[in-house]
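Written out below as structure tokens is the structure these notes cover.
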Amino acid sequence: MTINDIARLAGVSIATVSRVINQKGYVKEETRRRVEEVIAAQGFRPNAAARSLICNDSSMIAVIMSERPSSFSLKLINAIEERAVQQNDSILLYHTGADVKREMVAISQAIEHRVKGILFLPVMGSEEKTVELLKKAEKEEIPVVLLDWDLYKEDFDCVCLDNKKIIYDGATLLFEEGHHRIAFISCPEVAKEGEQRKDGYIQCLRDREIPLMEEYQYAGQFDEQSGYEACQKFFSLPKPPTAVLSSCSSITLGCFRYLNEQHMVLGRDVGLVGFDDISLVDFLGCPVTAMEQPIRELGENACDLLYLRINGTGKAKIRRKMILGTRTIRRGSESICCSDSVANRASG
């Protein structure tokens, strides 16, 4: 017999059972009697470990991430863990591998473990069932903060990036370096109501009255192959672009691989700007200008919002949304020496 069983038999939440057992918090008298009758009938006696869990005293926060291990996820986890340690807590980490079913299992298990709170980086295409599970967590007094994506139009706190502005600034940087033929490689967007990164590219070109060319756009995935194949397409055009703007780090690596194979020198033959910083390229001897994501700040601010809820200092009905900016790391790859004659080499 577990706390969950008592809650199910009494027709109440786990949090209500917790309040009855620990004699903390308000419970309607009728509900209290019903829970106590079930406890007595079942002969239930919570052990020390169970009591710790139902008191929400597990000293753990759950971090549920769709990201597979990567430089992004490792930096994010480190920042979160450091913040949690300051609160004398540890983290319970779930990697869902971008699988919706695994995501739902992770949320359910986090609720079962009675973690203090949940930091959640969702899978693209998460279903309504995911939203319902997150709502269930909050009903069980387990606060939720969304990481990086404001995916649901629900009352969840979130810390996210201004994706549209980041790409807008990257395209602006290339324009100011003299590029008018700027190609863009997009990645799948979680925010279904607007492809934010692509919107930034489109808005920048419109603001500068640059024609929007379909052949200069490529719908990629979160992988290196997308960058490689996009550049194959761009530089086989009769009039190829003079610069490429990439929407994620793995795509940027694919661009670099293709351009390197074609013996095109970044900052001389073609311009390249990537979303997020890529330390690996430094070791290859050809640094890439990047719009760097504030990953540490993302993790730290998400933790701070979560602990506001955990410690009861955040008003439960007020949704908090924090939008972070970025910084540009210029390494010279945004430039070009001879915009027409050199770029045309790739098609020749």
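Model, not experiment: these values are computed from the prediction.
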My understanding is that only residues two or more places apart in sequence, or in another chain, count here; which of them pass side-chain hydrogen bond (donor to acceptor under 3.5 Å, both in side chains) with Glu82?
Arg296
Write out all pairs satisfying salt bridge (charged side-chain N to carboxylate O under 4.0 Å, His left out) with one or both partners inside residues 249-264, taking only residues at least two apart or from two chains.
Glu224-Arg257, Arg257-Glu261
Residues forming a ring-ring contact (aromatic ring centres under 6.0 Å, His included) with Tyr168, sequence neighbours excluded
none
Pairs involving residues 164-176, ordered by first then second residue, that meet salt bridge (charged side-chain N to carboxylate O under 4.0 Å, His left out) (sequence neighbours left out)
Lys165-Asp169
Considering all heavy atoms of both residues, which atom of Ile142 and which atom of Arg114 are nearest to each other, and what is their separation?
CD1-NH1, 3.4 Å
Look at the rings of Tyr258 and Phe235 and say which category their plane angle falls in: under 30° parallel, 30 to 60° tilted, over 60° perpendicular.
parallel
Between Leu119 and Cys303, which heavy-atom pair has the shortest distance, and what is it?
CD1-SG, 3.8 Å
For Ile182 against Ala171, the heavy-atom pair lying closest together:
CD1-O, 3.8 Å
Under the rule for salt bridge (Lys or Arg N to Asp or Glu O under 4.0 Å), what residues qualify as partners of Glu229, not counting sequence neighbours?
none
Side chain to side chain contact (heavy atoms under 4.5 Å, CB included) partners of Asn78, counting only residues at least two apart:
none
Can you name the side chain to side chain contact (heavy atoms under 4.5 Å, CB included) partners of Ile323, sequence neighbours left out?
Cys160, Asp162, Lys321
Quick one: side chain to side chain contact (heavy atoms under 4.5 Å, CB included) partners of Ile202, sequence neighbours excluded?
Lys198, Arg206, Leu212
Going by the rule salt bridge (Lys or Arg N to Asp or Glu O under 4.0 Å), which residues pair with Glu297 if we only count those two or more places apart in sequence or in a different chain?
none
Does the structure place the NZ or CZ of Arg197 under 6.0 Å from the centre of the six-membered ring of Phe275, at an angle of no more than 45° from the ring's axis?
yes
Output for pair (Gln293 CD, Lys75 NZ), nearest 0.5 Å, gives 9.0 Å
State, to 0.1 Å, how close Gly325 and Pro294 come at their nearest heavy-atom pair, and which atoms those are.
O-CG, 3.0 Å
Looking at residues at least two apart in the chain, or sitting in another chain, which of them share a side-chain hydrogen bond (donor to acceptor under 3.5 Å, both in side chains) with Thr328?
none
By side-chain hydrogen bond (donor to acceptor under 3.5 Å, both in side chains), Glu37 pairs with (sequence neighbours left out) none
Under 3.5 Å, is there a donor-acceptor pair between the side chain of Ser226 and the main chain of Gln221?
yes
Can you tell me how far the CZ atom of Arg319 sits from the SG atom of Cys158, to the nearest 0.5 Å?
4.5 Å
Tell me whether the rings of His180 and Phe175 are parallel (<30°), tilted (30 to 60°) or perpendicular (>60°).
tilted
Please name the pair of heavy atoms, one in Ser246 and one in Ile167, separated by the smallest distance, quoted to 0.1 Å.
O-CD1, 4.3 Å
Shortest non-hydrogen pair, Cys187 vs Ile251, comes out as CB-CD1, 4.3 Å
Residues forming a salt bridge (Lys or Arg N to Asp or Glu O under 4.0 Å) with Arg327, sequence neighbours excluded
Glu292
